[in-house]
S.K.: 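Take this structure first; my questions come after.
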Protein chains: 2
Amino acid sequence: MVKNKKDQTTEQAILDAAKKVFVSKGMAGARMQDIADEAGINKALLHYYFRNKEKLFEVIFMEAAEKLFPRINKIFDSDQPLFEKIESFCEEYIAVVMENPYLPLFVINEINQDPEYFLKKVWSGRSKPNPAKFLEQIEREVKKGNIKRINPLHLLMNLISMTIFPFVAKPMFQKNLGMSESQFRVIMEQRKREIPKFIIDAIKK
Amino acid sequence: MVKNKKDQTTEQAILDAAKKVFVSKGMAGARMQDIADEAGINKALLHYYFRNKEKLFEVIFMEAAEKLFPRINKIFDSDQPLFEKIESFCEEYIAVVMENPYLPLFVINEINQDPEYFLKKVWSGRSKPNPAKFLEQIEREVKKGNIKRINPLHLLMNLISMTIFPFVAKPMFQKNLGMSESQFRVIMEQRKREIPKFIIDAIKK
DNA sequence: ACTTTTGTTAACCATTTGGTTAAATCGTAT
DNA sequence: ATACGATTTAACCAAATGGTTAACAAAAGT
């Protein structure tokens with residue numbers, strides 16, 4: 001009765017395949033048959049490991065969400081000074097997403113599809129981002145006169161937008177600017193330092 | 001034989017319904033029946049006006065793309081000085097998108113689904129964005145020493161990201177920051193001026 | 001050895017879904 | 001009126017799709 005010691009290879013093959021298909025086609029566009037084919041197994045075996053499409057999707061989605069959101073928290077909640085925090089965020093977040101460039105669009109998409117489900121499932125526990133501390137920190141720096149007067153909300157939006165959007169619009173940027181895969185990587189690598197520099201230049205007195 | 005003078009109300013009702021359903025569910029998630037219901041008509045009538053789902057989708061998608069891309073061009077191609085151009089872009093683009101907040105995600109999504117189709121269908125003619133002029137303008141300002149040394153590509157990405165991303169991640173921002181619909185509108189209204197200010201502060205010497 | 005549990009498959013089923021057909025209705029020109 | 005094209009509908013159809021079943025193979029436990 002080796003219930004726990006599930007066959008690592010088959011289950012993992014399914015998860016890999018499911019991730020690939022779900023992330024590229026979305027929940028609605030993904031076909032169970034495609035996932036089965038991609039995993040090199042029978043369709044019935046899919047339902048043996050994961051009862052139905054919804055359940056399988058949930059696993060993949062949660063995995064993606066858990067990879068994206070807790071990172072934000074840890075950095076935003078840390079005790080670094082503001083400028084360092086901004087640098088950490090860009091550095092670490094771009095690094096994470098560069099390994100899964102399509103995750104942000106996938107997650108954003110499914111959040112749009114059903115914000116309530118998302119709120120309940122993903123943010124019910126530990127991984128709910130809490131930007132309050134970061135926002136207060138900005139406010140404090142403004143009050144102390146260390147940086148220019150700025151609405152913290154806008155600064156937060158600017159930071160997140162500049163960091164994440166290029167991944168969301170990756171194909172658009174690539175097609176429009178004639179950018180190859182490797183060129184895109186180079187640019188994003190640069191942005192780890194360019195974005196903080198840009199922001200700090202914008203707000204320092 | 002009033003072939004041209006098609007019944008304005010029915011066709012328009014279909015287009016409105018199709019836009020609503022396609023934009024919220026995407027091509028894959030949209031159901032012809034839903035569109036018919038939303039338009040208050042029979043499903044067969046849908047196929048009478050638009051031969052099939054693909055054709056109907058194409059109309060909606062093109063309409064969306066035409067609303068989003070040519071605007072960018074006109075501004076980027078204009079002869080305004082750099083700072084004014086940045087101001088115009090934020091002002092006009094946010095105004096346009098505020099009336100259709102879900103268009104950017106819709107378009108980005110379908111581009112991701114099939115970048116080649118997009119390239120052919122949408123950018124084959126007039127509406128292909130040509131950022132070259134804008135990029136050169138930035139380069140010139142840098143060379144003239146009017147602004148700080150910056151890779152024009154990053155500046156372009158920053159501008160577009162800060163402008164568009166909040167709409168793409170709208171539900172996320174709203175849920176996470178406890179923002180109401182009207183609050184979101186206020187913030188975006190502010191960003192028309194906050195983004196240019198932010199950018200100019202970042203690059204002016 | 002043999003029994004039980006776990007993994008895997010082919011065939012099947014029910015529902016959904018895009019699309020068609022043929023008939024009915026409406027508007028308008030003759 | 002009536003003939004005729006444009007519009008609209010109910011009923012249908014075939015393919016796709018999520019999911020199930022029953023049988024079979026492979027381990028694991030006894």
Side-chain angles (χ1 to χ4, degrees), chain A residues 1-63 106 109-110 113-114 117 121, chain B residues 1-63 106 109-110 113-114 117 121:
Chain A
M1 206 182 296
V2 202
K3 189 74 183 302
N4 304 8
K5 185 79 183 172
K6 280 183 183 167
D7 180 31
Q8 202 63 27
T9 61
T10 299
E11 182 165 7
Q12 198 52 50
I14 292 176
L15 287 172
D16 291 348
K19 180 178 172 183
K20 194 168 168 181
V21 175
F22 275 133
V23 167
S24 82
K25 304 273 188 76
M27 165 65 168
R31 295 292 104 102
M32 292 299 266
Q33 188 61 60
D34 295 343
I35 297 173
D37 291 349
E38 181 73 34
I41 58 163
N42 188 287
K43 191 175 54 136
L45 199 52
L46 227 54
H47 290 84
Y48 175 75
Y49 278 90
F50 303 89
R51 207 167 311 288
N52 55 37
K53 191 180 176 181
E54 221 178 21
K55 287 273 200 302
L56 178 54
F57 176 81
E58 197 173 303
V59 173
I60 301 299
F61 180 75
M62 291 299 286
E63 190 187 299
F106 171 66
N109 238 322
E110 304 299 336
Q113 219 52 220
D114 185 355
Y117 165 91
K121 273 288 171 187
Chain B
M1 206 183 294
V2 202
K3 188 75 182 300
N4 305 8
K5 185 80 183 172
K6 280 183 185 168
D7 182 31
Q8 202 62 26
T9 61
T10 300
E11 182 164 7
Q12 198 52 50
I14 292 176
L15 287 172
D16 291 348
K19 180 180 172 183
K20 194 168 169 182
V21 175
F22 275 133
V23 167
S24 81
K25 305 275 188 76
M27 165 67 166
R31 295 292 103 100
M32 291 301 265
Q33 187 62 59
D34 295 344
I35 297 174
D37 292 348
E38 180 74 34
I41 58 163
N42 189 288
K43 191 177 54 141
L45 199 53
L46 227 55
H47 290 84
Y48 175 76
Y49 279 89
F50 303 89
R51 207 166 311 288
N52 55 39
K53 190 180 177 182
E54 221 178 21
K55 287 272 199 302
L56 178 55
F57 176 81
E58 197 172 303
V59 173
I60 301 299
F61 179 75
M62 291 299 285
E63 191 186 299
F106 171 65
N109 238 323
E110 305 299 335
Q113 219 53 219
D114 185 354
Y117 165 91
K121 273 289 171 187

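Letters A, B, ... mirror the listed sequences (proteins, then strands); counts begin at 1.
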S.K.: Should Phe57(A) and Phe50(A) count as side-chain neighbours, where that means a heavy-atom distance under 4.5 Å?
M.R.: no
S.K.: With sequence neighbours left out, what residues match Lys43(B) under salt bridge (Lys or Arg N to Asp or Glu O under 4.0 Å)?
M.R.: none
S.K.: Hey, is the main chain of Tyr49(B) close enough, under 3.5 Å, to the side chain of Glu11(B) for a donor-acceptor pair?
M.R.: no
S.K.: Classify the side-chain pair Asp16(A)/Gln12(A) by whether it contains a donor and acceptor separated by less than 3.5 Å.
M.R.: yes
S.K.: Quick check on dT8(D): is either OP1 or OP2 less than 4.0 Å from any side-chain nitrogen or oxygen of Tyr49(B)?
M.R.: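 True: Tyr49(B) side-chain N/O within range (under 4.0 Å) of dT8(D) OP1/OP2.
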S.K.: Please state whether the phosphate of dT7(D), meaning OP1 or OP2, lies under 4.0 angstrom from any side-chain nitrogen or oxygen of Tyr48(B).
M.R.: yes
S.K.: Does any part of the side chain of Phe22(A), heavy atoms only, come nearer than 4.5 Å to the side chain of Ile35(A), both counted from C-beta?
M.R.: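 Result yes, sub-4.5 Å side-chain heavy-atom pair found.
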S.K.: Scan side-chain atoms only and decide if Gln113(B) and Asn109(B) contain a donor-acceptor pair under the 3.5 Å cut-off.
M.R.: no
S.K.: CD of Glu11(B) versus P of dA6(D): gap in Å, rounded?
M.R.: 15 Å
S.K.: Can you sort out which residues in residues 50-63 of chain B have a heavy atom within less than 4.0 Å of DNA chain D? Ascending by number, please.
M.R.: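 Heavy-atom contacts with DNA chain D come from no residue of residues 50-63 of chain B; none.
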S.K.: Tell me which residues in residues 31-47 of chain A put a heavy atom below 4.0 Å from DNA chain D, sorted by number, or none.
M.R.: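 Correct list: Arg31(A), Met32(A), Lys43(A), Ala44(A), His47(A).
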S.K.: Out of curiosity, Leu56(B) CG to Lys19(B) NZ, how far, rounded to the nearest 0.5 Å?
M.R.: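 If I round to the nearest 0.5 Å, the distance is 13.5 Å.
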S.K.: Does OP1 or OP2 of dG7(C) have a side-chain N or O of Thr10(A) closer than 4.0 Å?
M.R.: no
S.K.: Name all residues meeting the salt bridge (Lys or Arg N to Asp or Glu O under 4.0 Å) criterion together with Lys25(A); count only those two or more places apart in sequence or in a different chain, and write none if there are none.
M.R.: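 Lys25(A): salt bridge (Lys or Arg N to Asp or Glu O under 4.0 Å) contacts with Asp34(A).
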S.K.: Are Glu58(B) and Tyr117(B) close enough that some pair of their side-chain heavy atoms sits under 4.5 Å apart?
M.R.: yes
S.K.: Which of residues 16-27 of chain B have a heavy atom under 4.0 Å from DNA chain C?
M.R.: none
S.K.: Checking Glu38(B) now: which residues fulfil salt bridge (Lys or Arg N to Asp or Glu O under 4.0 Å) with it, not counting sequence neighbours?
M.R.: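 Lys20(B).
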